[in-house]
Every structure is written in structure tokens, then in C-alpha cells.
Amino acid sequence: MTVNDTAYLLAQDQDTARIEAESVSAAQGGGAILHVTVVGNRTLDVLVTPGVAVTFETVDVDDDDRDDGDTNAPYDVPDFDDSYFHPETSP
């Protein structure tokens, strides 16, 4: 899900059809807070208004047992650079 220019990866258990419908309803109603769970079991509250661009892209990813939507058990998602870039091995 992208809100304006910021991308958020939704947790595996999120109902994207519900989130899309609530986004449309919020925009048509003049604005509302949309509650979603993102990867890492973190809660994201987004103010959706008629002036906020919300887009959705569906990508299949491998299951992650940690990504169970339990916001009482958040976990850190490694940064791409931290996981794949090792300065000590760079030329």
C-alpha cells in the first residue's frame, strides 16, 4: 500500500479488499482514519482524505511465521542495505 509517496508493506493477514473499500469510503466521506497492520506486526493509522493518494500493489512473497499480525509481538524488519550490503567486502 502506498500513501502519497510512502510505501507500506501490509502484514500477511491483512484483508486488502476491506482496506481498499475503507480507503474509498474515507475519501468519499471527506476523511477518516484507516487502521492497518504492516510487516513487523506494527499498527499504522493513516488519515485518508480526498487529497491523499492511496494505491495498492499485490506481490506474492514467501510466508514469514513472525508476520502473524500480533501487534503485541512486533519485530524488526531488516533494512535491505543492512542485510545485503557488507562494506567490508566491497571493492
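Owing to the predicted nature of the structure, the values given are computational and were not obtained by experimental measurement.
- Here L10 contributes atom CG and T16 contributes atom OG1; the two are 7.5 Å apart, rounded to the nearest 0.5 Å.
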query = Step by step, would you call N4 with T2 a side-chain contact (heavy atoms from CB on, under 4.5 Å)?
reply = CA-CA 6 Å; N4 287 333; T2 301; over 6 Å; no
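- In terms of heavy atoms, V48 sits closest to S23 at CG1-O, 3.6 Å.
- Put simply, OG1 on T37 and CD on Q12 are 12.0 Å apart, with the number rounded to the nearest 0.5 Å.
- Across every non-hydrogen atom of M1 and L44, the tightest pair is CE-CD2, 4.2 Å.
- Going from atom CG of D45 over to atom CD1 of I33 covers 6.5 Å, rounded to the nearest 0.5 Å.
- Under a hydrophobic-cluster definition in which Ile, Leu, Val, Met, Phe, Trp and Tyr are linked whenever side-chain heavy atoms come within less than 4.5 Å, directly or via other members, I19 and V39 are assigned to different clusters.
- Across all non-hydrogen atoms, the minimal contact from V36 to Q14 is CA-OE1, 3.6 Å.
- With rounding to the nearest 0.5 angstrom, the CD atom of E20 is 11.0 Å from the CD atom of E22.
- F56 and V3 end up in the same hydrophobic cluster when Ile, Leu, Val, Met, Phe, Trp and Tyr side chains are linked at under 4.5 Å.
- Residues P50 and A27 share a closest heavy-atom pair of CG-O, 3.2 Å.
- Put simply, L34 and Y8 are part of the same group of oily side chains (I, L, V, M, F, W, Y) that touch within less than 4.5 Å, one to the next.
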